[in-house]
Every structure is written in structure tokens, then in C-alpha cells.
Amino acid sequence: MSSRYEPRRVEEKWQQIWAQRRLFEAGEDPSRPKYYVLEMFPYPSGRIHMGHVRNYTIGDVVARYKRMQGFNILHPMGWDAFGLPAENAAMARGLHPANWTYDNIDYMRRQLKALGYSYDWPRELATCDPEYYRWEQLVFIEMYRRGLAYKKKAPVNWCPKCETVLANEQVEGGCCWRCDSEVSLKELEQWFFKITAYADELLADLDVLAHWPERVLTMQRNWIGKSLGAEIFFPLKDGGEPITVFTTRQDTLWGATFMSLAPEHPLALSLAQGTPQEAAVRAFVDHWRAQDRSRGVLEELTKEGVFTGRYCLNPVSGWEMPIYVANFVLMEYGTGAVMAVPAHDQRDFEFAQKYGLPIRVVIQPPGEELRAGDLKAAYEDEGVLVNSGSFSSLASAPAREAIAAFLEETGRGRRAAHFRLRDWLISRQRYWGAPIPIIYCEKCGMTPVPEQDLPVKLPLDVSPTGEGGSPLAHLPSFTNVPCPLCGGPARREVDTMDTFVESSWYFLRYACADYREGPLDRKRVDYWLPVDQYIGGIEHAVLHLLYARFFTKVLRDLGLARIDEPFTRLLTQGMVLKDGAKMAKSKGNVVDPEYMISEYGTDTTRLFLLFAAPPERDLEWSDQGVLGGHRFLHRLWTLAQNLLPDLKKAQPYQGSGSDLPPGLGEFRQKVHQTIQKVTGDIEDRFHFNTAIAAVMELINAFYQAVEELAPEEKALPVFREALEAVLQLLYPMVPHITEELWENLGYNTSLQLAPWPQAQAEALVETARTVVIQINGKVRSRISVPASHSDQQVQDAALDDPVVQKWLKGQPPRRVVVARGKLVNIVI
RNA sequence: GCCUGGGUGGCGGAACGGGUAGACGCAAGGGACUUAAAAUCCCUCGGGGUUCGCCCCGUGCCGGUUCGAGUCCGGCCCCAGGCACCA
């Protein structure tokens, strides 16, 4: 046996053994509690980077820890394999996206295996596999039949660099989430998923997600953006359908002096028809249509509008309100029409000033009296109603409630909620994605591909050029297809699906990755789902995590699953930084995991990533820190090797500890305190850094104990108990070295199958404790008292302490406080 | 502007019912071993003062509550992230 720690020898050996013994392959077992640990699967970009390693290491620790606790663990891995980078790489290097993707998968799979993660590899899936996306196409068709997938013409976000449209969630600060180009608006006919039909449930169920980080919940709440208010009907002065507006401030209704319509509003042109304003309105709307609607430009836009020549009536005051078309009113939000209250809305105020429209104050702030003529800006806060009929003198909040009720009773409006959330735009004008299974026939119109014809396979004889629209459109062998209804010539949809659709249900498919009868095998899905612990980056707070929640609910309503929410607990791990910045090739600050493994081993790499920071925080990479982790593993190895010849002959100590001499007893107490500490740190908070620190302390104490206590009669059993506990506690984090040492101790079953250690209650009992003595809140002394002392005895002992006597100078203390038997504060 | 997080030694980070601030690790300095170096081991390590017993100050800033505040409350500053014509 070698006594030198050679990480790669040990690591390769155990990775082989684990694979041979199929230790991590899971089956359904109703007799054991299940636990589903999942890390967000990677995009196969080429190589595993340090951010992946951190993410997957955290997941692996959880999986191995829970396995030791007796849970039946599902811990799968796969590939989010469709996407634009494959197409770009194909164009840059002349490779086919499929080859590029599968080569990357092969390479990265090998890397993950070298990192020693406990994955259930037979469940591996790649989303670009027709056997995966065929089920997605089937779900799409079901959604289409239920109106949850639909096509409409709408202004959509267009990324000029990616040459495709983007969902709202994929635009960050006006720029493309992937390439950061500025996004513009284009009027296009596109496919949408009706996520808004689930807006209320998506919002309400956030309250169920007690184990999600608060900021993710907040981000999702804001994104969904539910506003409570009222829809109010404004009759036209000369008859016809009334205009409906949405407002959250029905308490300002008496202050509404004009009406603003979005330029796209259907009434904008029709109202103006036949009035002297018709030409002006037409010109304004045409100008708006031609307007560059990239974000930068829109932000700078001054508020402008044009009178339609028509009037409506304020439904409560009866005042005539001129109807304007205004460039700041959004057709996509609310009803596309806004009652303008210039005194209490800054936008309306600016608009009214510009066009000389009347301003009526109807809300007075506390302790102040506003006058319309003096206003320099709108007063938007709450206050007391004035000039509002019988509602005058009510405060804003109760007035809103009362006015909503009044509107409903009198048929002039109704309570309503509106959402910021828009439907999910899923069409992409790209090649490397799942085809949308729809056929267009001139005679029969739009028809889904018949189920028996699925999958609609992505043709592989295509080389994307990056020029002009969907690459599939140029491929007659793909587009030309007989109509499934009439058999006549028809053409296929050439857009592919947003790759976020694939990642919206892969976690369900893992439960039954080999199932060929349908998307999901209910029995197995019901056993494994929901995911108990999901781990990934914060960047998906509203993207993937919102889509996955939506899709889960859809699948539930299609009868394919029974869960409402896919992820019970969520951990968003921080980024890996180097020199204060995110690791990136462009910044030249990447540390290659492969290099770390060959140089120090995966155990060292894992240990450093876990030790350097708690998982949710950003982690600053430190080559010196890695060295420190490596030193610690050497210390563990050396300690074990030195003791092994003797320990192999010993049995772990079994007693209560009462028969041990003081030194050994204290050491054993430290062992059990460490068990308790590590268990708590992992179980409650996943704070692996403090768990490791505790074991480091124990190893330090262990070295000292070996030095000082080795001759003691019961030393060997106590040391053996201690070493076994150390190996068990460290196993989830550094599984290879601990397996090797476990085997060295004489065990021939995997440490993975050993139970998680339990702290023994008797071993934790202290005989004496240190009491801190403060004078006026400052620490001045410490004394040791028997653990059995009452607070009164502790206080008496404290007052006897010579240091206290010195401070008291013979005077009695003004006050003495004993806290939890561990601290005495003496006020003098 | 609004909504979340977060500001603790030279650095990463501990302190999870208000109760010993700085665990553990890194870096740095000193020492032992060695012909020498590496490795390893031991000691010191927030700032200032010191008669070497200790004393004063210190968790972004100001104030408050309390016997006692990194922790709670009020106000402010800074950093990171999210949203932003949403009626």
C-alpha cells in the first residue's frame, strides 16, 4: 500500500468502482423516502467551466449526504442541447451543429465523470434528440388544441444579431440576453404560449415556495406584476360603444379630464373618421408605425398626441372629455386606453400642459391645499378626496374600494386585475431547435401534424448560412408536405421553438427517460416529482424558472403529472470570480477545471469550492486557497496512514464515555460536537464552508490527541471512532479520498452505503463550562464552573472572582445579570 | 425613481433566540528541522497604548432601545442585482 496521497490514482480507482457497482442508479422504491436532487443541466458549449463545477459539486454533496441518510436518490444529468451557439460555431468552423453538439457532449460527459459526480448516467438525455423533442411536439399540439399555443401578429422583440425574435423575459435592459445587442420592435406573426392564462396561479403559488430565495420570489412577483383596480366604461358623447379603460386609481376618477388612446388602439382611427381631425390622426398613427422602437429611442421620446375630434363623457361627473391618441399609451397593457388625470399623474400632467387641457385637483395631500393653477407637477401620492361627489372627504384607499363597488352597482365599471406578464413568444427564426409541428394548407388553413407523423425531425442536410430568415424555409424537402386533411400541397411551419421550451420539462422526463409510450410515465413521475432540491444560477430567476413553473402546470392540466410546482427547494448559487470579475475567456481570467483535476485532483477542487464561501454567495477564486485545501487533505491522509496499522486491529469505541480518562473524554466530546455541527450546517443551510471548518478543527485536535493521548489504554478505540466519523462527515464533499481511507480501515463496502453518523447525547454532555464575566458590558474575566451550577451559584462564583473584587473595590454591584448560565454581567 | 440583497482584519469568510467579534483557511512575520531549498512542525498576527498585569478604540455613517447591539429600531451613505412610460 502506498502511503503517499496520490489523488488521481485514488480518484480514478473509485470512479471505476462506483460505475461497476452501479451505485448511483435509482429505481422506484415505495418503502424508502425519495429525494430528487437536480442541478440545472448545461448547454454543451464545449468544456465544463468552474461555474458548472461549483454548481454540480453542491448538488453532488447534497445527493451523497441524503443517500447516507437513507433516502432513495434521483440525481440525473443531461444536456440542454439546442441553441444558437451551435449554429454560430457551425458557420464559423464549417461543422454541422449536430456534430458540434454531440462532440461537445462527449467531451463534457468525460469531464463530469472525471469530477466524480454521483449521477444516474443511464437517464442521461439530450434535448436535441428526436426521441426527446417528439414529446414536446406532442405537448405543443395538445396546447394548440386547447388554445394555449396560438399564433398572432404583434409587435415583438427582434434581435438583429441573432436574427430572431425574443420573448419579453429574454430582453434585459432593452438588449438581447444572449448577445447584448439592442433589441427593436417588429410587427410579425408569431407563435405564443398563453402563459397569461396561468398568471394568477403562477403568482399565488409563489406563496407555497417557502424554500425559495426571497429575491427570486420577488423578481417573479414583479415580473408577473399584478395590479388591482377597475375597468371603467366611458360613454361616447354621440353614442356608440363606450371606451373601456383600466386604472388602479379609481379614486381619481373625478379628476379625469380627457382620454388617451394607444396609437394601435382600434378606435384611434375609427373615431376620427369623418371629423376634421381624421387626416391629422392618420398622419400621427402612420408616423408612429414608422417610429424606430428600439429602447433607447423610446425612452427619449417626448409625450405627444393628437385630438381625434371626438369626445367621451366622464361616467361620474358627466364632463365632456376630449379623446386623444397619445404616443405613451401602451396597447399591450390594460385596455390600451387610459383615463387622463393630469393633476395626479405626471405623464397626463405633461400632456395636459402641452395641449392646454383642463386640470382638476381631486386628491388633497395631508396638511396642504393644492390648486390646479399652481401645480408644477402632478401629485401622485394618496390623500383625501375633494370635488368627488359623495366620495369627497374619504381617504384614497377606502375611496378606491367604495368607488369600485359603486361602479359595479351602477353598471359603469367593474373591479379588475391586470398583469404585466405577456404571453411567451416561442417562435424562433433559427435552425437548431425543435420544429413547430404545424402545416399550412391554402384550402384547409392551419393544421397540427398528425400524432402518428411525429416527430417532425429536424433535417440534418442543412448548413445554416446565417442569412435571411428561418434556414428551414430554404429547404423544399422539409417545407413541402401534403396537407393531412385534404392531401393537397401544403407547407410546414419553418420556425423552431425557443430552447427554453425543452428546459421547461426535462426534469420530469428524467423520471422516465426511457419511456416510449408518451411524454411522461405517470407512475414514475408521480413517484419522483417534485424535485426536492434544485440548484442553479440566479440568472434564471425569471426565465427558466418561470417557464418551468408554467409548463408544469400545463402538463398537470393535460393529465401528464399531478404536481402544481416543480421545485420544492431552490438554491441559487453565486458566481465564480477571479480578480473580482466573472471568469470569462474575453477577460482572460478563466481557471480550467481540467487543469485543476490533473494538478490537485477533483477532491481538492471540490473542497476549495465548498470551503471558500457559502453556496449562495459569489466566490473569489484563489490559487493559494486551493493549496490550503490540498494541504488539509494531505494532513488527513497522513494522519490516517500513521494510525492505520494500529487502528485496523481496533474496534470503534462503543461506550457512553464515562469510563474514559479526562483527556480522551474531551477529545471524544469534540468528535461528537463536530458530528452535530456538521450535520446542522449541511441540513439546515447547506453551509459547507463552516462544516469543513469544523472538521478542520477536529483534525487539528486529532493531531494533538495522537501526540498526547496515544499511550492511554482506550486511545485506539476512541481514535478509530473518531477517524470513522471524520471520513463519514467528509465523504459527501471529498468522496474519493474518504472511500480509499475507509477501505484502508478494512471495510469492503462503499462508504456511500455507511450511515450518516449520529452525535451521541451522552458524549455531548459537558461537566464544566466557561462563564464569561462582564463588568458594565465589557469582558473582564472568565471562570470555569461545574455544569450543574444554577444561575444563583454562577452569580456567586462570579462575584467571588478576584478580578471582579478588584473592580468592585468593596462596593456592592448595582445590578447583576446572568444570561443562559454562560455569561454574567455585573453593573457597577 | 421603485424593489431585492449586501457593507466585519491585509484577503476569503465565522459569530444561525441580542450575550466572549474575527472560528476555519489564505497571506505575512519570527523560529525549529536541513549543507541548502522544498515539504513539515511551533509561535505571532484588527488598531493604539502598556509598568507586559492589563487599559482604550473598533463590525459603512449618525442617533435610539437595552445590564449588554455586528445582530433590534429610526435616519443616511456606498456597492451589486432586478424592474422601469404598466395607467
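Each chain gets a letter, A, B and so on, in the order the sequences are listed, and its residues count up from 1.
The phosphate of B/C54 has neither OP1 nor OP2 within less than 4.0 Å of any side-chain N or O from A/R780. Contact annotation: A/R347 reaches the phosphate of B/C86 (side-chain N/O to OP1 or OP2, under 4.0 Å).
Within the nucleic acid shown, A/N689 comes within 4.0 Å of sugar-phosphate atoms alone, with no base atom in reach, counting heavy atoms only. A/V695 comes within 4.0 angstrom of no nucleic acid atom, judged by non-hydrogen atoms across all strands. Using a 4.0 Å heavy-atom cutoff across all strands shown, A/G225 reaches no nucleic acid atom at all. Residue contacts for A/V827: at a heavy-atom cut-off of 4.0 Å it reaches the sugar-phosphate backbone alone, with no base atom in range. Note on A/K677: a base of the nucleic acid sits closer than 4.0 angstrom, heavy atoms only. Using a 4.0 Å heavy-atom cutoff across all strands shown, A/K303 reaches at least one base atom of the nucleic acid.
A donor-acceptor pair under 3.5 Å is absent between the side-chain atoms of A/S260 and the main chain of A/A340, judged by distance alone. Between the side chain of A/R685 and the backbone N or O of A/E683, no donor-acceptor pair lies under 3.5 Å.
To the nearest angstrom, P of B/A21 lies 11 Å from NZ of A/K778. B/G12 atom P lies 14 Å from atom CZ of A/F611, rounded to whole Å. Rounded to a whole Å, the CG atom of A/N222 is 12 Å from the P atom of B/G5. Look at NE2 on A/H630: it is 13 Å from P on B/C26, rounded to the nearest Å.
Taking the six-membered ring where the residue is Trp, A/F686 and A/F688 present parallel rings, their angle staying beneath 30° rather than reaching 60°.
Nucleotides B/C26 and B/A37, compared at atom C1', are 23 Å apart to the nearest Å. Taking atom P on both nucleotides, B/U40 is separated from B/G53 by 34 Å, rounded to a whole Å. Comparing B/C62 with B/G9, their P atoms sit 15 Å apart, to the nearest whole Å. Distance noted for atom P between B/A23 and B/C16: 15 Å (whole Å). With both ends at atom P, the span from B/C45 to B/G22 equals 12 Å, rounded to whole Å.
The residue among A/I692 and A/A612 whose nearest nucleotide of RNA chain B lies closer to the 5′ end is A/A612.
Taking syn as a glycosidic angle within 90° of 0, B/G60 does not qualify and is anti. Annotated as syn: B/G9, whose O4'-C1'-N torsion sits within 90° of 0.
B/C33: no Watson-Crick or G-U partner with both key distances under 3.5 Å is found in any strand. Across all strands shown, B/G12 is found opposite B/C24 as a Watson-Crick or G-U wobble partner, with both distances under 3.5 Å. Pair assignment for B/G5: B/C79, on the basis of Watson-Crick or G-U wobble contacts that are both within less than 3.5 Å. Both distances falling under 3.5 Å, in either a Watson-Crick or a G-U wobble arrangement, place B/C72 opposite B/G64.
Out of B/A87, B/C83, B/C16, the shortest distance to the side chain of A/R685 is found at B/C16. If you check B/A21, B/G5, B/C86 against the side chain of A/V779, the one that comes closest is B/A21.
Not counting sequence neighbours, A/Y379 has no partner by the ring-ring contact (aromatic ring centres under 6.0 Å, His included) test.
Remark: the A/R422 side chain and the B/C86 base include a donor-acceptor N/O pair separated by less than 3.5 Å.
When all heavy atoms of A/V361 and A/A343 are compared, the closest pair comes out as CA-CB, 3.9 Å.
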